[in-house]
Amino acid sequence: MRIILLGPPGAGKGTQAEKLVKKYKIPHISTGDIFRAALQEGTELGLRAKEYMDQGELVPDDLVVDIVKERLEQEDAQNGYLLDGFPRTLAQAEALDESLRASGTPLTGVINISVDPQELLERLTGRRVCRGCGATYHIKFNPPTVRSVCDKCGGELYQREDDTVETVKQRLEVYRQQTAPLIEYYGRKGILFTVDGSQEIDEVFRAITTILDRQQ
Ligand code: ADP
Ligand code: AMP
């Protein structure tokens with residue numbers, strides 16, 4: 001199963017990805033996570049990506065595309081994967097298509113998680129992430145049992161630097177201009193499935209798995 005999770009920042013891609021990769025036993029490939037890990041390791045890639053991430057801008061296409069191509073060649077991705085946060089521009093989508101055409105491994109489907117823009121701001125500014133395992137929480141909508149402590153691994157929860165009001169607004173605008181056109185792009189290919197992301201987390205999950213189980 002080769003899936004893309006599409007949707008604005010805060011739509012719930014990471015939250016659903018955590019659950020989906022457990023069910024379908026495929027790797028979760030998040031370009032945002034790759035950049036944050038690179039930054040933590042202090043690599044050149046991480047430092048370059050940070051310049052853009054801090055501003056709420058997209059990392060340049062050539063950099064992102066090369067990283068994803070390399071990641072998709074790894075052993076664990078040969079029987080499927082879930083892409084989260086990639087592609088984010090038409091150029092990235094076209095590069096991915098070309099690469100999948102060459103390897104004869106078409107996408108199973110693109111799940112578009114749709115949420116009202118007003119709700120996204122509250123979701124993102126209240127998001128907390130585990131330093132240990134990367135699990136995602138929300139101070140109001142999906143709080144951990146003990147404040148600032150991850151239910152899954154006991155790790156410390158932190159707020160991402162780009163989850164401030166100002167940067168979130170910029171990220172939502174970048175989404176509107178550069179990523180939203182992908183809805184039409186994949187719609188035309190007949191592989192786009194839109195789910196209502198404003199429902200409860202478990203209901204969104206049920207909607208997505210119903211679609212994917214039909215595609216298998
Ligand atoms: P994305 O990966 O699309 O940017 P996340 O999965 O990190 O989004 O979710 C953003 C925030 O919204 C997180 O704090 C998460 O806990 C919360 N969230 C995710 N799905 C829902 C939902 N269906 N209802 C309410 N809050 C949600
Ligand atoms: P995310 O974790 O998906 O919210 O991504 C965080 C940030 O990483 C984004 O705001 C971008 O700066 C950068 N990023 C992640 N994925 C991509 C991508 N596919 N293309 C360009 N920039 C990306």
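Remember, it's 1-based here, ligands and their atoms both numbered in the order they're listed.
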So which of I201, T15, D163 gets nearest to atom 5 (P) of ligand 1, if we judge by its closest heavy atom?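 Selected option, by shortest heavy-atom distance: T15.
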Counting each atom of ligand 2 from 1 as listed, which ones have a heavy atom of [X] under 4.0 Å away?
X: E57; answer: 11 (C), 12 (O)
X: R171; answer: 4 (O)
X: Q92; answer: 18 (C), 19 (N), 20 (N), 21 (C)

Interatomic spacing from [atom1] in [X] to [atom2] in [Y] - rounded to 0.5 Å:
X: H28; Y: L20; atom1: NE2; atom2: CG; result: 9.0 Å
X: E18; Y: I201; atom1: CD; atom2: CD1; result: 9.0 Å
X: L45; Y: I67; atom1: CG; atom2: CD1; result: 4.0 Å
X: M1; Y: L212; atom1: CE; atom2: CG; result: 5.0 Å
X: L39; Y: K50; atom1: CG; atom2: NZ; result: 6.0 Å
X: L96; Y: I4; atom1: CG; atom2: CD1; result: 5.5 Å

Identify the protein heavy atom lying closest to [atom], giving its residue, its atom name and the separation to 0.1 Å.
atom: atom 22 (C) of ligand 1; answer: R123 NH2, 3.3 Å
atom: atom 16 (N) of ligand 2; answer: T31 OG1, 2.7 Å
atom: atom 17 (C) of ligand 1; answer: H138 CB, 4.1 Å
atom: atom 7 (O) of ligand 1; answer: R127 NH1, 2.6 Å

Counting both backbone and side chain atoms, is some N or O of [X] under 3.5 Å from an N or O of ligand 1?
X: G126; answer: no
X: Q199; answer: yes
X: G12; answer: yes
X: K13; answer: yes
X: G10; answer: yes
X: E200; answer: no

So, the side chain of [X] versus the backbone of [Y]: is there a donor-acceptor pair under 3.5 Å, distance only?
X: D151; Y: P144; value: no
X: Q92; Y: R88; value: yes
X: T43; Y: A38; value: yes
X: R2; Y: P106; value: yes
X: R131; Y: L157; value: no

Do any heavy atoms of K13 fall under 4.0 Å from ligand 2?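 No.
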If the contact criterion is a heavy-atom separation under 4.0 Å, does R36 count as touching ligand 2?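 Flag set, R36 near ligand 2.
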Taking the non-hydrogen atoms of G7, is any one of them nearer than 4.0 angstrom to ligand 1?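 G7 does not count as a contact of ligand 1 under the 4.0 Å cut-off.
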Please check if atom [atom1] in [X] has more than 12 non-hydrogen atoms from other residues, nucleotides or ligands closer than 6.0 Å.
X: D62; atom1: CG; value: yes
X: R160; atom1: CZ; value: yes
X: Q74; atom1: CD; value: yes

Of the options D33, D76, D84, D66, which is the one that meets R71 in a salt bridge (Lys or Arg N to Asp or Glu O under 4.0 Å)?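 Only one of D33, D76, D84, D66 forms a salt bridge (Lys or Arg N to Asp or Glu O under 4.0 Å) with R71, namely D76.
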Does [X], backbone or side chain, put an N or O under 3.5 Å from an N or O of ligand 2?
X: R88; answer: yes
X: V59; answer: yes
X: R160; answer: yes
X: G85; answer: yes
X: D84; answer: no

Can you list the atoms of ligand 1 that are under 4.0 Å from a heavy atom of [X]?
X: P9; answer: 4 (O)
X: F141; answer: 25 (C), 26 (N)
X: G14; answer: 1 (P), 2 (O), 6 (O)
X: Y137; answer: 13 (C), 14 (O), 16 (O)
X: G197; answer: 23 (N)

Indicate, as side chain, backbone, both or neither, the part of Q16 found under 4.0 angstrom from ligand 1 when only non-hydrogen atoms are considered.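 Neither; nothing of Q16 gets under 4.0 Å from ligand 1.
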Where does V64 meet ligand 2, judged by heavy-atom distances below 4.0 Å: at the side chain, the backbone, both, or neither?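 The part of V64 near ligand 2 is the side chain, not the backbone.
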Could you walk me through whether E44 and R48 pass the salt bridge (charged side-chain N to carboxylate O under 4.0 Å, His left out) check? CA-CA 6 Å; E44 176 75 30; R48 271 193 73 188; 5.6 Å; no
Output yes when E173 and K169 qualify as a salt bridge under the 4.0 Å nitrogen-oxygen rule, no when they do not.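 The answer is no: the pair does not qualify as a salt bridge.
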